[in-house]
Chemist: 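The structure under discussion is supplied below as structure tokens; questions concerning it will follow.
Ligands are counted one by one from 1 in listed order, and the atoms in each one are counted from 1 as well. What's counted below: heavy atoms across the whole structure, side chains too, no hydrogens, waters or symmetry copies. Just so it is clear, the structure is predicted and the values come from calculations on it, not from any experiment.
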Amino acid sequence: MHVCDGFLSMRNRKMKEKIMIKVSEIIKENKPTLSFEVFPPKTEDKYEGVLSAAKQMSKLHPSFISVTYGAAGGTRAFTTNIAGDIASLGVPSLAHLTCVSSTKESVDEALAQYKTHGIENILALRGDLPEGVSDLGEDADFRHASDLTAYIKSHGDFCVGGACYPETHPEAENKNADILNIKKKVDAGCEFLTTQMFFENSIMYNYMYRLREAGVLVPICAGIMPITNANQVKRAIQLSGTVMPPRFLALVDKFGDKPEAMKQAGIAYATDQIIDLIANDVNHIHVYSMNKPEVAEAIVKNLSDIVVLK
Ligand code: FAD
């Protein structure tokens, strides 16, 4: 029995009518879309706070809201519940799921719970490896995200997405090998890809070209992280090894010690990136909104005539 199962069944009883739409339907046309992301609480007492952030974001009518997954799986019930609650708020939801620490049995259980909660969309990920581990190994039920993708596709009617890396996944042998692995994910049934955050659009345009050339033709959601405080910069570099363009670093140098100014500058930078992406026909934008509805709202306001949400 999962640690949060009692809480899960309690929320289950409160289920309202859900909005059940597949992300692949939402992004099938090349019209601009804007989606947000929340991460689940680590403990039950923080649940209402995360739900409140998701509620405020849902009032902005995003194309969908995604809910991340703790790689170790200990907060799975919270991912399920938040994603289920988002669907009840009238916004399509996307729940993440990782291979790390998953078995076929635990994935079967997760899929059954996602179904019960009206979740139609799953982002299938490997998850970051625990320290000192360099590969999940051949004996693992799911070694790569592509294995999990294939399993989910053959065990239920879910729309499955995956992650991709404009600056190459840090463990990949090289750029080309990484793209060939993305192709395997798509061949396994992945219907769309969301990128790791990036701060230099030219890197994304080059990546899109290479993906398309390798035959990866599914829609791509560009992952944009509005940096709203200087500490996030270090974390973003650690997480993704991303290139921070001098223009962005100048903002951090100038405003990093002035929280409100940094927030304004970070939101403006992200807005500028999004407008440039859409102007270049990269139309699906996923904002790493990090449980900050005020950031999501500022971005929506800045784009009010560029991305029409309803
Ligand atoms: P994979 O696609 O399995 O790739 C991992 C590495 O293995 C890559 O180097 C790839 O080139 C290589 N590889 C893939 N397939 C093969 C193959 N068949 N043979 C050989 N090599 C292969 N983490 C979480 O814990 N929870 C989350 O909710 C979460 N959400 C994320 C959302 C997005 C949009 C992104 C970009 C990342 C997210 N992550 C999350 C982080 C992610 O789990 C890590 O980046 C992880 O290290 C790789 O996951 P993946 O799904 O890309 O793995």
Chemist: Under 4.0 Å from ligand 1, counting heavy atoms only, is it the side chain of Leu123, its backbone, both or neither?
Modeler: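 Looking at Leu123 and ligand 1, just side chain atoms fall under 4.0 Å.
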Chemist: Could you check atom 36 (C) of ligand 1 against the protein and tell me its nearest heavy-atom contact, residue, atom and distance included?
Modeler: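 It is Ala163 CB, 3.4 Å.
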Chemist: Show me which atoms of ligand 1 lie under 4.0 Å from any heavy atom of Thr194.
Modeler: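 Checking each atom against Thr194, I get 34 (C).
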Chemist: How long is the span from the OG atom in Ser35 to the CD1 atom in Ile285, to the nearest 0.5 Å?
Modeler: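 The OG atom of Ser35 sits 8.5 Å away from the CD1 atom of Ile285.
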Chemist: Counting only heavy atoms not in Lys258, do more than 12 fall under 6.0 Å of its NZ?
Modeler: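 Counting neighbours around NZ of Lys258, more than 12 heavy atoms of other residues, nucleotides or ligands fall under 6.0 Å, so yes.
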Chemist: Is there side-chain contact between Asp276 and Tyr205, with at least one heavy-atom pair below 4.5 Å?
Modeler: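 Answer yes - side chains close enough.
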Chemist: Just heavy atoms, cut-off under 4.0 Å: does Thr98 contact ligand 1 by side chain, backbone, both, or neither?
Modeler: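 Within the 4.0 Å criterion, Thr98 contacts ligand 1 through side-chain atoms alone.
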Chemist: Tell me the contacting part of His286 for ligand 1: side chain, backbone, both, or neither, using a 4.0 Å heavy-atom threshold, strictly below.
Modeler: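 For His286, no heavy atom sits under 4.0 Å from ligand 1.
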Chemist: OG1 of Thr149 to NE2 of His144: how many Å apart, nearest 0.5 Å?
Modeler: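 Going from the OG1 atom of Thr149 to the NE2 atom of His144 covers 12.0 Å.
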Chemist: Are Lys59 and Glu297 within salt-bridge range, i.e. N to O under 4.0 Å?
Modeler: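 The answer is no: the pair does not qualify as a salt bridge.
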Chemist: Tell me, which protein residue and heavy-atom name are nearest atom 24 (C) of ligand 1, and how many Å apart are they?
Modeler: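 Going atom by atom, the protein heavy atom closest to atom 24 (C) of ligand 1 ends up being Tyr69 O, 3.6 Å.
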Chemist: Check this for me: does any side-chain nitrogen of one of Glu25 and Lys28 sit under 4.0 Å from a carboxylate oxygen of the other?
Modeler: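 Lys28 and Glu25: salt-bridged.
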Chemist: Give the numbers and elements of all ligand 1 atoms closer than 4.0 Å to a heavy atom of Asp178.
Modeler: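 Those atoms are 8 (C), 9 (O), 10 (C), 11 (O).
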Chemist: Please identify which atoms of ligand 1 are closer than 4.0 Å to at least one heavy atom of Lys184.
Modeler: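 That gives atoms 17 (C), 18 (N), 19 (N) of ligand 1.
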Chemist: Among all protein heavy atoms in this structure, tell me which lies nearest to atom 18 (N) of ligand 1, with the distance rounded to 0.1 Å.
Modeler: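 Going by distance alone, atom 18 (N) of ligand 1 is nearest to His144 CD2, 3.4 Å.
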Chemist: Would you mind listing which atoms of ligand 1 come within a distance below 4.0 Å of any non-hydrogen atom of Asp128?
Modeler: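 Going through ligand 1 atom by atom, the ones under 4.0 Å from Asp128 are 43 (O), 44 (C), 45 (O), 46 (C), 47 (O).
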Chemist: Taking C-beta and beyond as the side chain, do Asn121 and Ser93 meet within less than 4.5 Å on heavy atoms?
Modeler: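 They are not in contact (no side-chain heavy atoms under 4.5 Å apart), so the answer is no.
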Chemist: Evaluate Arg143 for polar contact with ligand 1, using N/O atom pairs at a separation under 3.5 Å.
Modeler: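 No, since none of the N or O atoms of Arg143 sits under 3.5 Å from an N or O of ligand 1.
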Chemist: For atom 8 (C) of ligand 1, grab the closest protein heavy atom and report residue, atom and distance to one decimal in Å.
Modeler: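 Ranking protein heavy atoms by distance from atom 8 (C) of ligand 1, first comes His169 ND1, 3.3 Å.
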Chemist: Of the protein's non-hydrogen atoms, which lies at the shortest distance from atom 39 (N) of ligand 1, and what is that distance?
Modeler: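 Heavy-atom neighbour on the protein nearest atom 39 (N) of ligand 1: Leu125 CD2, 4.1 Å.
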Chemist: Quick one: does ligand 1 sit under 4.0 Å from the side chain of Phe142, the backbone, both or neither, non-hydrogen atoms only?
Modeler: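 Neither; no heavy atom under 4.0 Å.
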Chemist: Give the atoms of ligand 1, by number and element, whose distance to some non-hydrogen atom of Glu171 is under 4.0 Å.
Modeler: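 Near Glu171, the atoms of ligand 1 are 9 (O).
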Chemist: What's the shortest distance from atom 53 (O) of ligand 1 to any protein heavy atom, and which residue and atom give it?
Modeler: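 So the nearest neighbour among protein heavy atoms is Arg126 CB, 3.3 Å.
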Chemist: Within the structure provided, determine whether Tyr207 and Ile179 are in side-chain contact (heavy-atom separation under 4.5 Å).
Modeler: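 In contact.
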Chemist: Does Gly127, backbone or side chain, put an N or O under 3.5 Å from an N or O of ligand 1?
Modeler: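 There is such a contact, yes.
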Chemist: Are any of the heavy atoms in Tyr165 under 4.0 Å away from ligand 1?
Modeler: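 Checking ligand 1 against Tyr165, which is what was asked, there is a heavy-atom contact under 4.0 Å.
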Chemist: Give me the nearest non-hydrogen protein atom to atom 25 (O) of ligand 1 as residue plus atom name, then the distance to 0.1 Å.
Modeler: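 Of the protein heavy atoms, Ala71 CB, 3.3 Å lies nearest.
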Chemist: For ligand 1, find out whether one of its N or O atoms is nearer than 3.5 Å to an N or O atom of His96.
Modeler: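 Min N/O separation from ligand 1 is below 3.5 Å for His96.
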Chemist: Numbering the atoms of ligand 1 from 1, which are under 4.0 Å from a heavy atom of Ala172?
Modeler: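 Matching atoms, with element in brackets: 9 (O), 11 (O).
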Chemist: Please say whether Cys164 places an N or O atom under 3.5 Å from an N or O atom belonging to ligand 1.
Modeler: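 Such a contact does not occur with ligand 1.
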Chemist: Would you confirm whether Thr195, through its side chain, and Gly223, through its main-chain N or O, come within 3.5 Å as a donor-acceptor pair?
Modeler: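 Answer holds: yes.
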Chemist: Using a strict cut-off of less than 4.0 Å between a Lys/Arg side-chain nitrogen and an Asp/Glu carboxylate oxygen, indicate whether Glu191 and Lys22 qualify as a salt bridge.
Modeler: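 Salt bridge absent between Glu191 and Lys22.
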Chemist: Against heavy atoms of Thr68, which atoms of ligand 1 measure under 4.0 Å?
Modeler: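 Here the atoms of ligand 1 in question are 28 (O).
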Chemist: Evaluate the side-chain proximity of Ile274 to Val287: yes if any heavy-atom separation is below 4.5 Å, no if none is.
Modeler: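 In contact.
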Chemist: Could you tell me whether Lys183 and Asp187 make a salt bridge, using a distance below 4.0 angstrom between a side-chain N and a carboxylate O?
Modeler: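 The answer is yes: the pair qualifies as a salt bridge.
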Chemist: Can you tell me which residue and heavy atom of the protein come closest to atom 13 (N) of ligand 1, and the distance to 0.1 Å?
Modeler: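 Protein heavy atom with the smallest distance to atom 13 (N) of ligand 1: Asn181 ND2, 3.3 Å.
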Chemist: Measure from atom 4 (O) of ligand 1 to the protein's non-hydrogen atoms and state whether any distance is below 4.0 Å.
Modeler: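 No; the ligand atom in question lacks any protein heavy-atom contact below 4.0 Å.
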